[in-house]
Amino acid sequence: MNPTPSQTVGPFYGYALPFPGGGDVALGGIVLHGYVYDGAGEPVPDALLETWQPTPGGPLPGSMRRDPVTGAIAGRHGVDFTGWGRVSTDASGRWVLRTADTGLPYISICVFARGLGHHLYTRAYLRDEVDARIPPGRRSTVLAAEERPGVYRFDIRLQGEGETVFLEFG
Amino acid sequence: MTQERISAQIAELHEAYLREGLTRHHSARDFAPYRSSALRHPKQPLVTLDDPEAAELTGPVFGVSDVTALDNDLTRQHVGEPLGERITVTGRVLDRAGRPVRGQLVEVWQANASGRYAHQRDDHPAPLDPNFTGVGRCLTDDEGRYAFTTIKPGAYPWRNHRNAWRPAHIHFSLFGTAFAQRLVTQMYFPNDPLFPFDPIYNAVLDPKARERLIASYDHDLSVPEWSLGYRWDIVLDGPSAGLFEQEEHE
Ligand SMILES: [Fe+2]
């Protein structure tokens, strides 16, 4: 069957998709953080990032049940690893994810933004085990830098100098 | 930038697509008439990974406790009733093999009947509706079916060019069984006169693919004395769990 086309997430998803604790996949683990930049090197203040880390046997379903009083997501309490994160960039283009190192060399990232008609996939590699199909000259764009133990920096450049490698899956 | 110039660019790019003769289903990331795409699309080709162990071939699984029963009725989230034309929107979520996507999360957001989002940065001078937020969620059932009750959103202006107006639409976010099947898109209403003018709708270069973004009015879904019914089926792209195995067996 022919697929339904993608369309941009637009500028107004902010009150619909992000939720409190969306960047807290696991507490007491690692921090992955960085900026999203456009082709002029300007920060992208309205990007939405989703992350995915499967674990053997699959992570516990990331319950999205909303607490009727606080609006918080009851199933995301930082005790059970949910594997899936959703964070938006702030006015300076910055995002932060708190998660666990599951042993897999990378964290999968899906990028949505106003101006982007079809989301983009990339990977933040925590270790230098980058997939051989990624051209050697561009590998550094998917390698997160360990700034200090457990804190990784990963910037995403949508276009231009140092453009991040984006992926598709065959 | 005038509408005339934008419309000419759209026509040029659509013609170039047809001349090229390849089928592309999704919005072009590089689509000049949608001006904010200019600096936000990669210029390098995507790298294709065909690793059967790729994490992206699995995905988050949501559970029945994840949404509350009323999350899919956008007309009942406040004390009063929202203004506008009450509608129901329903359809099935399928993978490319036509198999239903079961028990997965569907999220929607939209403007109110006046074309205004309940979002701080929407400064369109149309009234907010204190009885309408415009956010809903549901899980698909065993046949992959989703359903929302809402009000028909209004068209709204934006600043892409002079006199730019978006056709009425509902934003959809969908999960398949694999992270690689993720989809964010927009559903439109039949016969909208704004279609030819809109750079976002027309960023889908393929004319048949554009039609797949439009719901159909379904009189059998309309509820007497209550609401008008629209049907919109969604097919997720990308490799889904079990698809490779199935192809091997065939
Ligand atoms: Fe919109």
Side-chain angles (χ1 to χ4, degrees), chain A residues 1-17 38-40 42 44 50 52-54 58-59 61-66 68 75 82-84 104 106 108 110 112-121 123 131 133-135 138 158-160 163-170, chain B residues 25-29 31 34 36-37 39-44 46-51 54-63 65-68 94 96 98 105 107 109 117-119 121-122 135 171 173 179-180 182-186 200 203-204 208-210 212-213 234-239:
Chain A
M1 297 183 84
N2 286 324
T4 305
S6 70
Q7 292 261 276
T8 180
V9 74
F12 297 134
Y13 64 81
Y15 73 105
L17 297 182
D38 71 11
E42 294 296 323
V44 175
E50 289 185 354
W52 172 239
Q53 298 165 271
S63 179
M64 292 279 285
R65 189 163 52 83
R66 233 181 260 277
T82 61
W84 177 67
L104 201 70
Y106 58 88
S108 296
C110 185
F112 303 90
R114 177 180 64 84
L116 186 60
H118 189 190
H119 57 263
L120 289 164
Y121 292 100
R123 287 175 172 178
D131 192 288
R133 277 147 289 207
I134 294 175
R138 302 184 64 205
L158 294 176
Q159 188 187 85
E163 186 177 298
T164 301
V165 169
F166 295 105
L167 304 169
E168 61 186 356
F169 305 93
Chain B
H25 296 295
H26 298 287
S27 291
R29 294 188 181 94
F31 193 67
Y34 180 22
S36 44
S37 75
L39 292 169
R40 292 184 169 198
H41 68 272
K43 298 209 164 166
Q44 301 287 330
L46 303 185
V47 173
T48 305
L49 303 186
D50 54 2
D51 169 14
E56 293 82 0
L57 302 183
T58 63
V61 176
F62 300 90
S65 65
D66 291 357
V67 295
T68 47
L94 306 168
R96 288 200 68 170
L105 183 66
E107 298 164 285
W109 68 104
Y117 284 90
H119 188 285
R121 295 215 324 269
D122 184 1
V135 176
H171 294 267
S173 159
F179 196 49
R182 196 75 181 80
L183 177 67
V184 165
T185 187
Q186 303 180 23
I200 291 182
V204 177
K208 288 207 181 80
R210 283 199 295 280
R212 294 199 292 277
L213 292 173
I234 298 158
V235 179
L236 301 182
D237 204 356

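The chains referred to below are lettered A, B, ... by the order of the sequence lines, with proteins before strands, and numbering in each begins at 1.
Although no hydrogens or angles enter the test, the distance criterion places a donor-acceptor pair under 3.5 Å between the side chain of B:Q186 and the main chain of A:T8. Side-chain N or O atoms of B:E107 include none that pairs as donor or acceptor with a backbone N or O of A:L17 at under 3.5 Å. In terms of modelled atom types and a separation under 3.5 Å, the side chain of B:R29 and the main chain of A:H118 share a donor-acceptor contact. A donor-acceptor pair is defined here as one N or O able to donate and one able to accept, closer than 3.5 Å; no such pair exists between the side chain of B:Q44 and the backbone of A:E163. Between the B:R40 side chain and the A:L158 main chain, no donor and acceptor come within less than 3.5 Å of each other. Remark: side-chain polar atoms of A:Q159 are paired, donor with acceptor, to backbone N or O of B:H41 under 3.5 angstrom. A donor-acceptor contact shorter than 3.5 Å is absent between the side chain of A:W52 and the backbone of B:A180.
Between A:Y121 and B:F179, the angle of the ring planes goes over 60°, which puts this pair in the perpendicular group of the 30/60° scheme.
We find that A:R133 and B:D50 are joined by a salt bridge, their nearest charged nitrogen and carboxylate oxygen being less than 4.0 Å apart.
Across B:A55, B:S36, B:S173, the residue that shares the most heavy-atom pairs under 4.5 angstrom with chain A is B:A55. Per-residue heavy-atom pair counts under 4.5 Å with chain A were compared for B:I234, B:D122, B:L94, and the maximum is reached by B:D122. Most heavy-atom pairs under 4.5 Å with chain A, from the set B:D51, B:V184, B:D237: that is B:V184. Between chain B and the options A:P135, A:G115, A:G39, the largest number of non-hydrogen pairs under 4.5 Å is found for A:G115. Between chain A and the options B:G98, B:S37, B:A54, B:S27, heavy-atom pairs under 4.5 Å are most frequent for B:S27. Among B:K43, B:H119, B:K208, the residue making the largest number of heavy-atom pairs under 4.5 Å with chain A is B:H119.
Pairing each heavy atom of A:P3 with each of B:R96, the nearest pair is CD-CZ, 3.5 Å. Across all non-hydrogen atoms, the minimal contact from A:P5 to B:L213 is O-CD2, 3.6 Å.
Considering CD of B:E56 and CD of A:E168, their distance stands at 12.0 Å, rounded to 0.5 Å. The CG atom of B:L49 sits 4.5 Å away from atom CG of A:L167, with the distance rounded to the nearest 0.5 Å. Here OG1 of B:T48 is found 11.0 Å from CD1 of A:I134. Values are rounded to the nearest 0.5 Å. To the nearest 0.5 Å, atoms CD (A:E50) and CZ (B:R182) are separated by 4.0 Å.
If you measure heavy-atom distances from A:F112 to chain B, the contacts under 4.5 Å come from the side chain alone. Contact annotation for A:P11: both backbone and side-chain heavy atoms come within less than 4.5 Å of a heavy atom of chain B. Only the side chain of A:Y106 has a heavy atom closer than 4.5 Å to any heavy atom of chain B.
Proximity of A:S6 to B:L183: side-chain heavy atoms (C-beta onward) are separated by under 4.5 Å at one or more points. Between B:H171 and A:F12, every side-chain heavy-atom pair lies at or beyond the 4.5 Å cut-off.
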Does B:R121 form a side chain to side chain contact (heavy atoms under 4.5 Å, CB included) with A:Y15? I'd like the steps, not just the answer. CA-CA 10 Å; B:R121 295 215 324 269; A:Y15 73 105; over 6 Å; no

ask   = Step by step, would you call A:N2 with B:R212 a side chain to side chain contact (heavy atoms under 4.5 Å, CB included)?
value = CA-CA 9 Å; A:N2 286 324; B:R212 294 199 292 277; 3.4 Å; yes

Derivation and outcome, side chain to side chain contact (heavy atoms under 4.5 Å, CB included), residues A:V9 and B:W109:
CA-CA 10 Å; A:V9 74; B:W109 68 104; 3.8 Å; yes

